[in-house]
Amino acid sequence: MSAEQQHRDGQAADPGPRSLAQALRERDDASLGALLRSRPDLLHPVPTDVTQLATRAGTRASVLRALEHLDRFALQAAEALAVAPDPASYQELLDLLAGDDGDEEVAGALPATVALLRERALVWGGEDRLRLVRTARELLAPSASHSSPTGLGPSVAEATSGMSPGRIQAILTAAGLPHTHDTVSAVAALSGLFADRERVAELLEGAPEASREVLTRLVWGPPYGQVTAEPAAHLRWLLDRGLLLPTTPGTVVLPREAALSLRGGRAHRVPEPTRPQVAVAAERKPQVVDAAAGGQALAALDTVEELLRSWDEGGPAVLRAGGLSIRDLKRTATVLEVPEPVAAFWVELAYAAGLIASDGGYVEEHHERHDRPDADAEGYEDEETRDARTRRRSGEAEHYAPTPEYDAWRDLPPAERWAWLLEAWLPGTRAPGLIGGRDGRDRTLSALGPGLDRSPAPEVRRRVLELMAGLEPGQAPDPATLLERLRWERPLRSAGPRREQPEPPRTGVRPAYGGGVAANDPEALRTKLTEWALLEAEMLGVTGRGALATHGRALLGAEGRSEGAGAGTAAGSARAAVVAALLAPLLPEPLDHVLLQADLTAVAPGPLVRPLAEALGVLADVESKGGATVYRFTPGSVRRALDAGRSATELHAFLDRHSRTPVPQPLTYLIDDVARRHGLLRVGAASSYVRCDDESVLDEILADRRATALRLRRLAPTVVAAQADPRTLIEGLRAMGFAPAAESAEGDVMIARPHAHRTPPRTPPAPVPDGPPAPDATLLTAAVRAVRAGDRAATAPRKETPQAPGGLPRTSPADTLATVQAAAMTGESVWIGHVNAEGAASQRLLAPLRVEGGYVTGYDHTADEVRTYALHRITGVAELADEPDGAEPAR
């Protein structure tokens with residue numbers, strides 16, 4: 001038995017429900033819960049009854065969201081129903097999708113698709129009376145200005161609605177049809193002619209070749225064309241026979257019935273009932289994939305640490321409009337040794353993870369959610385707001401800097417630090433690839449600036465990983481087929497006809513990161529989001545050599561941070577702990593030693609423990625990075641270590657302790673030589689001065705032409721004054737080859753230590769979700785119970801009773817008391833009118849349990865719980881009408 005026959009046999013013979021509300025009311029709780037799960041916007045707030053649920057499910061915003069979450073074949077089925085008669089039978093829908101020749105794949109997939117549309121409350125009705133909800137039909141049906149997404153135009157009846165009866169009769173005569181006595185029968189005759197494939201073929205046998213060419217261009221849409229006041233002969237032939245009907249002055253349309261006949265009955269050129277398969281581009285050993293991903297994860301941590309270290313003493317300034325300037329982004333890219341778009345990605349990732357923020361506070365106010373009271377009538381404002389206002393008034397520059405969370409993140413093990421970053425990347429809605437593009441107002445989008453949130457980004461990232469996880473371990477997907485699969489799962493609707501055969505993406509070309517996307521091109525945005533997700537996953541180490549790693553698959557497990565966990569905290573998510581545990585064996589253990597070489601370099605054969613890395617970063621300059629980091633010792637780097645308070649003896653001991661090779665003699669000489677000259681000169685504030693016990697050194701400085709800009713003047717044999725500030729004087733003397741040291745007012749050597757600048761505590765930017773979150777099982781169960789209870793209360797019959805102006809039952813206090821007391825004794829339910837303390841009136845279906853102390857306590861069927869009401873707030877009561885024989889009372 002075929003699938004469509006099974007579907008047909010499983011349907012009831014009755015015409016089905018008369019409205020969407022009735023169709024929803026006949027569902028069981030599981031089906032109602034499935035609707036609320038697939039369309040979570042219907043839950044906010046929870047509908048009071050089924051009628052309200054049906055009304056909300058038919059609103060334009062909700063229907064648009066539901067249509068956008070259909071796959072391509074489900075959307076094609078909805079589009080076909082929009083151009084089918086209302087109501088349409090299942091067979092008519094199948095004919096529109098499969099065509100006159102039939103299609104086994106379409107016939108096999110359609111029953112499940114119709115069930116999906118029913119589940120999501122987009123289609124209702126019985127087997128022979130399928131109805132698309134009215135709002136969806138309005139969105140998908142053609143109009144006088146645009147065609148349907150199928151490329152079909154209006155029907156003959158719609159296109160001729162404003163045509164004169166005489167013109168319609170003239171068309172009948174030209175088409176070879178008999179004259180009729182009324183317009184309705186004439187339109188029906190013309191529609192019947194165009195719906196008959198054989199008669200249309202006979203009619204076109206005598207058509208000019210140019211006329212048939214016009215129909216060929218219009219048949220698959222758009223069906224509209226322009227004509228002049230005096231159309232050509234081949235166009236006049238079509239107009240005379242109604243194959244082109246006027247819609248507006250100068251515009252004609254190919255009627256729907258004729259187009260379907262020319263198409264062979266198909267609503268779409270290419271029905272796509274089966275989802276495209278993701279092809280495998282390469283196969284690698286899972287161990288190789290995991291090793292490559294682990295190495296990339298380590299490189300990602302090094303890059304983020306280098307970024308935060310470079311901003312440790314205060315990062316670049318914040319633009320007035322918010323964000324990072326192009327110049328500062330270029331500087332950051334130079335420091336990280338990566339292209340500017342990639343540098344923007346790392347900056348945005350650190351920002352999303354809560355590791356960097358603005359130190360002023362007022363730029364982030366648009367992106368952060370602060371748990372603080374707003375300014376009240378008494379002028380209340382918290383310390384953070386007051387600090388931002390003070391900065392604005394004083395003109396003090398606002399800068400980006402690491403947050404206090406950075407110190408906590410830095411102390412975590414590498415695997416947990418990586419998991420922290422991934423917990424920010426996967427649900428984040430900011431799209432760094434847009435940086436450098438233009439927004440809707442033609443303004444440049446900057447890193448860390450506004451306008452980068454794109455709500456589809458998390459869904460695209462997760463779906464890309466899910467499709468990769470569907471392959472065998474070690475298999476790398478073909479990006480072109482991956483993109484085509486995502487396009488099938490989330491086709492984008494447009495006002496005009498959708499291209500049935502989109503141009504496939506180029507294969508074999510690795511997409512570049514960044515570049516921006518046009519603000520009004522959602523299809524290009526989703527394509528770019530897919531490409532960026534693949535590149536970002538590779539840069540982060542979620543994938544290795546194009547395939548999903550083992551720890552990458554764990555990202556698709558339990559959902560993100562648990563309640564109450566700190567933003568970005570690895571301990572705040574069970575998923576993060578699992579991911580960190582899987583990644584940890586792939587990361588090399590930090591080393592506590594280096595290899596010193598005779599050419600004044602040190603080689604770190606792997607990642608170093610933090611104290612060693614920090615100390616070596618002061619004593620030497622990083623020359624190259626990679627699997628092994630090369631450090632170079634220079635006079636400047638040794639002087640930097642001495643300025644930080646280390647003595648030559650301490651430096652020698654440090655190198656002896658951490659080197660696996662003997663300390664080379666040239667390095668020993670370098671340290672001793674710089675240390676011998678370090679501090680020989682003393683610089684203080686006069687504006688500034690130079691003090692030296694060796695008069696010959698001062699003589700050499702004064703004789704050097706390079707000292708002219710410092711405007712030096714000798715005050716004593718061992719003291720020279722300068723008109724430059726101490727910092728400029730020190731830098732000038734170092735440029736001349738000396739090694740001065742700063743001293744305090746007491747004459748002590750001042751130790752130069754880096755000042756770590758931190759922002760006040762900050763909340764990471766909250767993602768901008770694409771609609772409400774998916775409800776959990778507890779919420780769904782409670783919502784279904786509430787809807788059922790409200791529906792029982794709303795549909796329960798009641799006896800006639802005087803009504804108050806608001807529709808509430810109206811009885812005297814004595815009658816109210818007597819009625820609820822009697823109901824409490826008999827166990828019956830009654831209708832009560834109630835007005836709460838705020839004056840809001842409502843009707844409740846109440847089963848009184850006890851009446852005492854001026855209050856009635858009972859089971860409220862409307863709220864599905866036991867409640868207590870004050871008798872003086874009850875406007876009146878009404879008994880329920882007697883139930884007909886065989887009917888069950890409302891419970």
Would you sort out whether Leu193 and Asp196 count as a side chain to side chain contact (heavy atoms under 4.5 Å, CB included), showing the intermediate values?
CA-CA 5 Å; Leu193 168 64; Asp196 191 324; 5.8 Å; no

If the condition is side-chain hydrogen bond (donor to acceptor under 3.5 Å, both in side chains), which residues does Glu119 pass it with, not counting sequence neighbours?
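Expected list: none.
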
When you compare the side chain of [Y] with that of [X], does any pair of heavy atoms fall below 4.5 Å?
X      : Y      : result
Val63  : Thr59  : no
Leu53  : Asp49  : no
Arg526 : Pro456 : yes

For [X] and [Y], work out which heavy atoms get closest and say how close.
X      : Y      : answer
Leu42  : Arg56  : O-NH1, 2.8 Å
Asp860 : Arg844 : OD2-NE, 3.0 Å
Val83  : Pro142 : CG1-CD, 4.0 Å

Assess whether a salt bridge exists between [X] and [Y], defined as any Lys/Arg side-chain N lying under 4.0 Å from an Asp/Glu carboxylate O.
X      : Y      : result
Glu68  : Arg65  : no
Arg788 : Asp29  : yes
Glu459 : Arg463 : no

Nearest 0.5 Å, please: how far is [atom2] in [Y] from [atom1] in [X]?
X      : Y      : atom1 : atom2 : result
Thr857 : Arg850 : OG1   : CZ    : 4.0 Å
Thr530 : Glu484 : OG1   : CD    : 11.0 Å
Leu36  : Ser31  : CG    : OG    : 9.5 Å
Leu93  : Leu110 : CG    : CG    : 5.0 Å
Trp124 : Glu26  : CH2   : CD    : 10.5 Å
Leu35  : Leu122 : CG    : CG    : 9.0 Å

Do the side-chain N and O atoms of [X] and [Y] include a donor-acceptor pair separated by under 3.5 angstrom?
X      : Y      : answer
Arg39  : Ser62  : yes
Thr150 : Arg266 : no
Thr811 : Thr816 : yes
Arg72  : Gln76  : no
Thr778 : Thr781 : no

Walk me through whether Arg25 and Thr51 qualify under side chain to side chain donor-acceptor pair (under 3.5 Å).
CA-CA 8 Å; Arg25 191 171 286 117; Thr51 301; 3.2 Å; yes

Taking it one step at a time, do Arg131 and Asp86 satisfy salt bridge (charged side-chain N to carboxylate O under 4.0 Å, His left out)?
CA-CA 6 Å; Arg131 292 182 181 272; Asp86 186 28; 3.6 Å; yes

